[in-house]
Amino acid sequence: MQIYCPICGRGYAQKLKDTWLVVCDTCHHLVKGSGLEPDQLMMPDDWSNIQVGTTGLYKSQNFTIMGRIRLQMKNDFRNLWCAQYGQEIMWIGQSLESIGFFKPPFAPYPHNFDQIRAGVNIEFSEQIKLKCELVEKCIEIRYEGELSPFPFPMGNFNLIQASNAAGNTVLVFHQNENSIQFLWGEVMLVYGVTFNNTKTWSQWETK
Amino acid sequence: MGNEVVIQHSCPKCKHVTTPKGKALTLSLTCEKCGVYYCVHTNANDQFLTKFIPALAIRSRGKIKGVLYEVMGFAVKREKKYEYQWREYFLFNPNVGIAFLSEYDGNWNFLKPYSKHPLFVSYTATPTIEKGKFQLYAKYHAEVLYASGEFFTDIIGSNESSTHYEHICPPYILNFEESNSQLGAYLGEYISPALVATGFNLDKKNLPPKKGLGYTQPHSFSVDESLLLTISVVTLLAAFFLQWILNETAINKKVFESHFVQADLNGQKMFTTSSFQLEGDQKNVVIKVKAPLSNDWFFAEYSLINDATDQEYIFTNEFEYYNGTEEGEAWSEGSNMGDAFLSSIPKGKYHINIYPEFSTSNHEFTISIFRDTPFYSNFFVLCFLLCLFPAAFYGYRYYREQKRWEDSEYSTYE
């Protein structure tokens with residue numbers, strides 16, 4: 001379906017099966033969706049070489065980055081890239097050094113959440129224990145591109161990331177006791193993944 | 001992409017506006033004008049009491065391990081308990097990520113984030129990774145004495161709330177930082193001041209002077225320990241085998257024996273033995289002398305002479321034997337036998353001139369001459385020399401390791 005920016009008139013063809021938000025790439029206005037502040041639609045540059053339109057391969061299937069949610073914490077950040085993955089949606093969580101692929105959609109967090117802090121283990125099952133490595137309040141959230149529904153659009157949540165040596169990882173979004181969602185996935189070093197159509201920083205090249 | 005969002009921050013003190021080089025990654029910085037440190041997403045700010053000059057200038061670029069990095073920030077940190085200080089340079093290249101150069105007493109380490117630190121899984125005092133088995137060198141809390149430039153974290157807040165674990169396996173270092181909100185890990189390696197200077201196109205004299213052995217500095221010479229042990233053991237076994245062969249093949253033949261009595265001198269100064277034959281070329285000769293001594297001594301000078309060539313081999317020998325009873329217990333000292341060893345004596349017919357010195361109580365002696373006897377002195381010298389290098393190596397290494405660990409409260413060295 002073709003939709004148009006109400007400010008600049010630029011046309012967009014919705015590609016995701018459950019598009020929740022479209023931000024105009026030209027004038028940073030909402031093309032689809034509502035309730036967000038204008039500042040939240042201004043995506044800052046953070047030297048990420050992934051961008052909307054970047055493609056890649058995960059588990060033998062192509063994906064295309066459609067949009068980004070940038071979560072700013074006091075001491076860290078996460079880019080949550082929304083990707084078209086075949087007929088499905090995949091979230092890709094990127095930090096400075098690691099990248100996580102989250103195929104299952106957002107789901108209510110089913111485990112005990114008491115006394116979570118960095119360094120403690122989260123027991124997902126008898127076989128799967130994850131060590132909590134990040135517990136930070138999201139203090140700023142920004143959007144760009146086309147996105148699937150995100151459960152906490154205003155960003156007032158704590159972000160928890162926990163992983164294990166087997167590469168399992170979980171991103172938990174904790175707003176309050178009754179509102180905890182999580183993404184389950186696989187984490188790896190960002191430099192081990194090949195992306196195409198990325199930004200390059202030629203002024204830093206060494207050759 | 002569309003029009004870019006320009007990121008700028010205003011100093012909370014002087015309102016000077018800075019455009020950070022790290023863009024949205026920069027979470028804290030110091031004001032270029034007034035030097036105040038502030039966080040961009042919180043109200044935290046700090047004014048440092050002392051200013052430190054970085055050896056690597058902020059925003060200068062240098063190549064480390066073939067990668068071009070820019071110096072984004074500089075921090076001086078102090079361990080809270082023992083109050084030693086070190087300096088950290090925060091480096092960045094968007095194509096490869098962040099890195100750190102850490103300098104203490106002119107010794108440098110280059111560190112990068114490392115997500116496979118075993119402490120991410122569970123605590124261990126000796127984390128083992130592909131680089132080796134690491135030992136805990138320091139566990140500490142740090143404070144930031146000074147910072148300038150930009151950082152991708154609140155270095156004051158995050159440092160002061162974190163416990164730091166430093167494990168080493170020279171030349172490597174593993175750092176782990178743990179706070180209530182974050183875990184972080186870094187793997188580093190010792191880097192020589194010369195490489196730092198070359199990488200940043202600086203004169204080495206402009207870097208802090210190097211003092212002592214860096215705690216991750218590799219030894220100035222290294223030896224493959226297993227190779228050293230293998231060579232030593234194999235050579236020792238070969239020496240044992242060679243000695244066994246020499247023993248088995250030695251003839252050890254008595255070629256002469258005679259008894260001499262002082263009265264037979266008849267006023268002369270020497271005895272002359274009859275001639276005897278020494279077989280086999282360049283073999284040793286052992287002369288054994290025996291005298292019935294009791295609280296006495298015997299000395300003689302000998303001259304082994306080739307009958308055909310008059311080639312002379314002169315040697316002396318002295319032995320003494322004392323015994324008695326003291327407080328009801330018998331004691332003795334010395335021996336009533338002595339011997340002399342002559343190596344590489346050519347074959348031929350020989351005799352010996354003996355110039356004895358008799359005491360007042362002993363007036364006789366017996367001499368026996370043996371050809372090609374087994375002997376061990378060369379073997380023992382060889383064994384000593386074979387053990388000398390490994391012993392010196394391990395001694396040197398122990399000394400250097402002791403020096404390396406002398407600042408650590410986790411040292412296992414005395």
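Protein chains get the first letters and strands the later ones, always in sequence-line order, with residue 1 at the start of each.
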A:L134 CG to B:S179 OG distance, which is reported to the nearest 0.5 Å | 9.5 Å
Taking the side chain from A:W47 and the backbone from B:G97, do they hold a donor-acceptor pair closer than 3.5 Å?
-> no
Atom group of A:N49 that falls short of 4.5 Å from chain B, counting heavy atoms = neither
B:K65 NZ: over 12 foreign heavy atoms closer than 6.0 Å = no
If you take all heavy atoms of A:G119 and B:E178, which pair is closest and at what distance?
-> CA-OE2, 4.1 Å
Tell me the residues of residues 123-156 of chain B whose non-hydrogen atoms fall below 4.5 Å from those of chain A, in number order.
-> B:F152, B:T153, B:D154
Atom NZ of A:K137 with >12 non-hydrogen neighbours under 6.0 angstrom = yes
What's the spacing between B:L183 CG and A:R117 CZ if we round to 0.5 Å?
-> 9.0 Å
With distance as the sole criterion, is a donor-acceptor pair present between the side chains of B:Q182 and A:N75 under 3.5 Å?
-> no
Where on A:L130 is there a heavy atom nearer than 4.5 Å to chain B: the side chain, the backbone, both, or neither?
-> neither
Relative to chain B, which segment of A:C132 carries a heavy atom at a distance below 4.5 Å: side chain, backbone, both, or neither?
-> backbone
Flag yes if more than 12 heavy atoms outside A:K129 fall under 6.0 Å of its NZ atom; otherwise flag no.
-> no
Whatever's closer than 4.5 Å to a heavy atom in chain B on A:Q72 counts as side chain
Let me know if A:L96 has heavy atoms under 4.5 Å from chain B in its side chain, its backbone, both or neither.
-> side chain
Should B:L27 and A:M73 be marked as a side-chain contact (heavy atoms from CB on, under 4.5 Å) after you check the CA-CA gap, both sets of side-chain angles, and the distance that decides it?
-> CA-CA 9 Å; B:L27 297 185; A:M73 280 76 74; over 6 Å; no
Determine the minimum heavy-atom distance between A:K74 and B:T42, stating which atoms define it.
-> CG-CG2, 3.7 Å
Please check if atom NZ in B:K204 has more than 12 non-hydrogen atoms from other residues, nucleotides or ligands closer than 6.0 Å.
-> no
If one checks every heavy atom of B:I7 against chain A at 4.5 Å, the contacting part turns out to be side chain
Should we count CD of B:Q8 as having more than 12 external heavy atoms under 6.0 Å?
-> yes
How far does OG1 of B:T26 sit from CG of A:D46, to the nearest 0.5 angstrom?
-> 10.5 Å
Under 6.0 Å from the CG atom of B:N201, do we count more than 12 heavy atoms belonging to anything else shown?
-> no
